[in-house]
Amino acid sequence: MSSSLKDKVVVITGGNSGIGYTTAATFLRKGAKVLITGRNPGAVQQAVYALGHPAEGFKADQAVPEDAKKLAEYVQRRYGKIDSLFINAGVAKLSPFGNVTPELYDELMNVNFKGAFFTIQRLLPLINDGGSITLLSALNAYSGTPNATVVSASKAALNSLGRTLSRELAPRKIRVNVVNPGVVVTPLLEKVGMPDVFRTHIGSITPLGRLGQPEDIANMVTFLASDEASFITGAEYNVDGGLMVHPLIGS
Ligand SMILES: NC(=O)c1ccc[n+]([C@@H]2O[C@H](COP(=O)([O-])OP(=O)(O)OC[C@H]3O[C@@H](n4cnc5c(N)ncnc54)[C@H](OP(=O)(O)O)[C@@H]3O)[C@@H](O)[C@H]2O)c1
């Protein structure tokens, strides 16, 4: 197989569902060795089984610093190094600004930003010079979506982190990039209670006329991890069918 990802060691947080799962499958097809994480051991095990060899799983909650430490120890023992880290795990909950509780704020920030931050910090010593880190943000880091104050801010913080880390890690030639999906059809849409009518509306106002599929994001993430992206760092990409191009201005 002629792929620059052949035999590369890839760690994906939150890989038992949706975008993380499909990205794991895409990396595997390109010859990489993939370790996925998740909070629910049964779900992780089931995903590893479905992905097939050489996928592996490790139970780790991105919000729990002790889990990041255990994950780093496991990766060190099992693989000795990481070529590409995909910070994908994330949660989304909507609430009008006035109803946001400190508990909801902490839950979203702890998984999406604080957990991402300290997971990277723990795994960084294992990332090869010349390796890569890709952070999964969201279009709502920019879109001003009502009722999404906390989740949007948690994602915007990742965009900032990506830019800073790209400069800080450049001496080691570690590339750091961020992907901003639009609305992608995954179990997350059920979890946030997005009504079908809203999905249809989003698809209709998207210039390319449809919602995103996990494969759309997986293709960008695997590209960013590959040698074909060897001059790309500190960048961010909207993968959204053009949704961020404002649909109301012009015709
Ligand atoms: N779908 C969209 O429209 C969309 C748009 C923009 C951005 N995104 C981002 O894409 C990422 C993946 O979401 P998805 O759409 O694929 O949703 P999903 O199907 O719900 O997948 C989320 C994955 O993250 C895992 N996860 C959640 N919290 C975790 C934690 N604390 N520690 C470890 N794993 C955790 C989940 O596993 P368990 O819950 O079993 O642990 C699951 O594997 C998220 O960061 C999300 O914000 C999605």
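Indexing begins at 1, ligand by ligand and atom by atom, following the structure's order.
- When only interatomic distances are considered, the shortest N/O to N/O separation between G38 and ligand 1 does not fall below 3.5 Å.
- By heavy-atom distance, the residue among A116, A138, G182 lying nearest atom 5 (C) of ligand 1 is G182.
- Contact atoms of ligand 1 toward K191: 18 (P), 20 (O) (distance under 4.0 Å to a heavy atom of the residue).
- Heavy-atom distances between T13 and ligand 1 stay at or above 4.0 Å for every pair.
- Contact check on K33 versus E56 returns no salt bridge, with no Lys/Arg side-chain nitrogen under 4.0 Å from an Asp/Glu carboxylate oxygen.
- Considering only non-hydrogen atoms, atom 8 (N) of ligand 1 lies nearest to S137 out of A63, G212, S137.
- Each of the atoms 3 (O) of ligand 1 lies under 4.0 Å from some heavy atom of V183.
- When the heavy atoms of D61, N180, V44 are ranked by distance to atom 31 (N) of ligand 1, first place goes to D61.
- Closest to atom 27 (C) of ligand 1, if we only count protein heavy atoms, is R39 NH2, 3.4 Å.
- Residue V91 has at least one heavy-atom neighbour below 4.0 Å for each of these atoms of ligand 1: 27 (C), 28 (N).
- Both the backbone and the side chain of N16 come within 4.0 Å of ligand 1, judged by heavy-atom distances.
- Under the side chain to side chain donor-acceptor pair (under 3.5 Å) criterion, T37 pairs with no residue at all, not counting sequence neighbours.
- When only non-hydrogen protein atoms are considered, atom 25 (C) of ligand 1 lies nearest to G14 CA, 3.5 Å.
- Using a 4.0 Å cut-off between a side-chain N of Lys or Arg and a carboxylate O of Asp or Glu, R199 and E190 qualify as a salt bridge.
- Here T186 has side-chain heavy atoms under 4.0 Å from ligand 1, and that is the only part of it that gets that close.
- Nearest to atom 22 (C) of ligand 1 among the protein's heavy atoms is G90 O, 4.1 Å.
- For ligand 1, none of its N or O atoms has an N or O atom of T37 under 3.5 Å away.
- Using a 4.5 Å heavy-atom cutoff, the side chains of F223 and I232 are in contact.
- Under a 4.0 Å criterion applied to the non-hydrogen atoms of G18, ligand 1 contributes the atoms 16 (O), 19 (O).
- Taking the six-membered ring where tryptophan is involved, the planes of F198 and H201 are tilted, since the angle between them lies from 30° to 60°.
- Residue A92 places every heavy atom at 4.0 Å or more from ligand 1.
- A60 counts as a contact of ligand 1, since one of its heavy atoms falls under 4.0 Å from the ligand.
- When heavy-atom distances to ligand 1 are checked against a 4.0 Å cut-off, L189 comes that close only through its side chain, counted from C-beta outward.
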With side-chain hydrogen bond (donor to acceptor under 3.5 Å, both in side chains) as the criterion, how do N180 and N159 come out once you've worked through the C-alpha distance, each side chain's angles and the decisive distance to 0.1 Å? CA-CA 9 Å; N180 307 323; N159 295 77; 3.0 Å; yes

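- Here S3 contributes atom OG and E228 contributes atom CD; the two are 7.5 Å apart, rounded to the nearest 0.5 Å.
- One finds no salt bridge joining E73 and R77 here, because no Lys/Arg side-chain nitrogen approaches an Asp/Glu carboxylate oxygen to under 4.0 Å.
- For atom 3 (O) of ligand 1, the nearest non-hydrogen atom of the protein is V184 N, 2.8 Å.
- Residue-to-ligand polar distances keep L139 apart from ligand 1: every N/O pair is separated by 3.5 Å or more.
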Taking it one step at a time, do I202 and L211 satisfy side chain to side chain contact (heavy atoms under 4.5 Å, CB included)? CA-CA 7 Å; I202 295 285; L211 297 180; 3.6 Å; yes

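- Every residue was checked against the side chain to side chain contact (heavy atoms under 4.5 Å, CB included) condition with T200, not counting sequence neighbours, and none meets it.
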